[in-house]
Chemist: 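Below is one structure. I have some questions about it.
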Amino acid sequence: MNIIRKPQGTLDILPEDSIKRIFIEDEVRRIFSNYNYKEIRTPTFEKTELFKRGIGEETDIVSKEMYSFHNDEFTLKPEMTAPVIRAYIENSLYNTSGIQKLFYISNMYRHERPQAGRYREFSQFGAEAIGSSDFYIDAEMISLGINILNNFGLTNLKIKINTIGNLDERKLYLEELKKYLSKHLNNLSETSKKRLDINPLRILDTKDKKEIEILDDSPILYDYLSDETKNHFQNVCKTLEKININFEVDFRLVRGFDYYTSTTFEIISDDLGSQNAVFGGGRYDRLVEQLGGKQTPAIGFACGIERLMIILAKRNYDYPKQYGVDICFVSLGNEARDFSFKAVDVLRKSDIICETDYLNRSIKAQMKEANKLNSKYVIIIGESELSSGKCTIKRMSDGEEKEIPLETIYKINKSNLHSIV
RNA sequence: GCGGGUAUAGCUCAGUUGGCAGAGCGUCAGAUUGUGGCUCUGAAUGUCGCGGGUUCGAGCCCCGUUACUCGCCCCA
């Protein structure tokens, strides 16, 4: 019979990787809480309408990459900003404080062709600060992301920032951009030609060399922005400088979602190949009202965990080792096995990590197993031990052994473990 | 949506001109009747992805197909 395989683009996270992810998640939670961000969890699926309205119908994600079901009524979440904002509005979080600083660690789903660092089920952590248009919060958001990455030893990162203004400010620019690009129509790619009508701003994001050359002489969005937007951006830049964050301004940095306004940013690592963005975000001052809330400024970022793990792997990041076992019980004979099982049951309640034999194997095989499990101690129980009331405890690091009364076993706990032998 | 690569033991992979299905690692057992690591010895594990074709004979050649994978597009 054929075996059933996991769906394409998904991962089985086996214990070896699981412990790495738990470590990353723990570190991320710790740093988020230093910045006083609170964790939010939302449903795995949402009404499809939320993403159509939030991300934009013309984006690639919404137009062709969503996992929708039940007559398209519901969709597995492809990103977290729209769900977080939905929850913010639905639960009236604006009534509990002027600013909400939220973070998440969650799985997302996009129906794309998988490749290195891109999966159909993937995980991200990210943050959203809702309620403030202050430039300090923009700088905090970027600083927060950088600090998380620095925490994992990643320091040679390229940080790009830009401002893309709001819809009204972009209107005139987009007309000029269209005019300019229309003159170079023959040299544009098919996708760019399509975008010229649908979403001309995205053309700025092209990787096509010919198009980049054309864009070098194109009108620049920044020149069309209001003084207010420009001032905000300059303040963000100045603030980043004050806290010693190196960045580069990239006027061509635009992002894939329609909801972004004003500040946008991205962190790029050369370790990633074509999927080089590990971290990205921006301000989305209109999203809350687009989703039915009151006009509320907000900003957020997201970081791909699989991509982060690829970078860490390439840099031979030293994850903490898996916890070893404290005590392995090696037992021979039915009565001894019975005794050992009762003993581990007691010790586990005293936070001693212990194991016993489940395969009724030879003493030698049990010793090998204990060694493989990296057990600190082994306690050997057989018929003679049961009748004499004493057993052997062996320290595996140096082979030192000691005889102890059986009842001593029950007194072992975390603090006296290492003074027994 | 487009293009490339790969598919042989649990894992990593050899397999020559078409001629007995292999290695290393891992697993299990023994050397040591109740003591791990090191060493030695042995054992088990195969639909050679699947289907067809050529051939006396196919893991190898041809055609098809599926899966995986990498890249493009796009995205975190």
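Nothing here was measured: the structure is a model prediction, and the numbers come from that model.
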Chemist: Report yes or no: do Thr75(A) and Lys47(A) form a side-chain donor-acceptor pair below 3.5 Å?
Modeler: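 Their side chains do not contain a donor-acceptor pair, so the 3.5 Å distance test is not met.
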Chemist: Give Lys394(A) one of three labels, base, sugar-phosphate or nothing, depending on what nucleic acid heavy atoms sit under 4.0 Å from its own.
Modeler: base
Chemist: Please give the nucleotide sitting opposite rC60(B) as a Watson-Crick or G-U wobble pair, both distances under 3.5 Å, or none.
Modeler: none
Chemist: Taking the C1' atom of each, how far is rG22(B) from rU8(B), in whole Å?
Modeler: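 Roughly 10 Å separates the two C1' atoms.
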Chemist: Between atom CD in Gln8(A) and atom C1' in rA67(B), what is the gap in whole Å?
Modeler: 9 Å
Chemist: Mind checking Ser331(A) for me? I need base, sugar-phosphate or nothing, with any heavy atom below 4.0 Å counting as a touch.
Modeler: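 If one applies the 4.0 Å heavy-atom cut-off, Ser331(A) turns out to touch nothing in the nucleic acid.
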Chemist: Are the charged groups of Glu27(A) and Arg30(A) less than 4.0 angstrom apart, N to O?
Modeler: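 Yes, charged N to carboxylate O under 4.0 Å.
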Chemist: Out of rG34(B), rG36(B), rA76(B), which nucleotide sits closest to the side chain of Arg110(A)?
Modeler: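 Shortest atom-to-atom distance from the side chain points to rA76(B).
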Chemist: Would you call Arg348(A) and Glu355(A) a salt bridge, using N to O less than 4.0 angstrom?
Modeler: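 Salt bridge present between Arg348(A) and Glu355(A).
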Chemist: Counting side-chain heavy atoms from C-beta on, which of rU35(B), rU27(B), rC73(B) comes nearest to Arg118(A)?
Modeler: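 Given the options rU35(B), rU27(B), rC73(B), the side chain of Arg118(A) is closest to rC73(B).
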Chemist: Does the structure show a Watson-Crick or G-U wobble partner for rG26(B), both distances under 3.5 Å? Name it, or say none.
Modeler: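 The answer is none; no pair meets the criterion.
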Chemist: Using a 5.5 Å cut-off between ring centres and planes within 30 degrees, is Phe122(A) stacked on the base of rA76(B)?
Modeler: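 Whether judged by distance or by angle, Phe122(A) passes, so it stacks on the base of rA76(B).
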Chemist: Is Glu385(A) salt-bridged to Lys390(A), cutoff N-O under 4.0 Å?
Modeler: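 No, Glu385(A) and Lys390(A) are not salt-bridged.
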Chemist: Report the nucleotide, chosen from rU32(B), rC74(B), rA76(B), that has the shortest atom-to-atom distance to any side-chain atom of Glu65(A).
Modeler: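 In terms of side-chain proximity for Glu65(A), the closest of rU32(B), rC74(B), rA76(B) is rC74(B).
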Chemist: From C-beta outward on Arg113(A), which listed nucleotide comes closest to its side chain: rA67(B), rG34(B), rG1(B)?
Modeler: rG1(B)
Chemist: Considering every strand and a 4.0 Å limit on heavy-atom distances, what is the contact class for Phe301(A): base, sugar-phosphate, or nothing?
Modeler: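 Contact class for Phe301(A): none.
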Chemist: Determine whether any donor atom in the side chain of Glu385(A) lies under 3.5 Å from an acceptor atom in the base of rG34(B), or the reverse, and answer yes or no.
Modeler: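 It does, because a donor-acceptor pair links the side chain of Glu385(A) to the base of rG34(B) below 3.5 Å.
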Chemist: Looking only at side-chain atoms of Arg361(A), point me to the closest of rA29(B), rG34(B), rG71(B).
Modeler: rA29(B)
Chemist: Rounding to a whole Å, what distance do you find between Leu332(A):CG and rG36(B):P?
Modeler: 13 Å
Chemist: Nearest to the side chain of Thr392(A), which nucleotide is it out of rU35(B), rG71(B), rA29(B)?
Modeler: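 Per side-chain heavy atoms of Thr392(A), the pick is rU35(B).
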Chemist: Applying a 4.0 Å non-hydrogen cut-off, can you work out what Gly399(A) is touching in the nucleic acid: base, sugar-phosphate, or nothing?
Modeler: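 It contacts base atoms.
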Chemist: Once you apply a heavy-atom cut-off of 4.0 Å, does Ser384(A) come out as touching a base, just sugar-phosphate, or nothing?
Modeler: base
Chemist: Distance criterion of 3.5 Å, no angle test: do you see the side chain of Gln366(A) paired donor-to-acceptor with the base of rU35(B)?
Modeler: no
Chemist: Which nucleotide sits closest to the side chain of Lys368(A): rG37(B), rG71(B), rU35(B)?
Modeler: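 For the Lys368(A) side chain, the nearest candidate turns out to be rG37(B).
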Chemist: Do Asn371(A) and rG36(B) have a side chain to base donor-acceptor pair shorter than 3.5 Å?
Modeler: yes
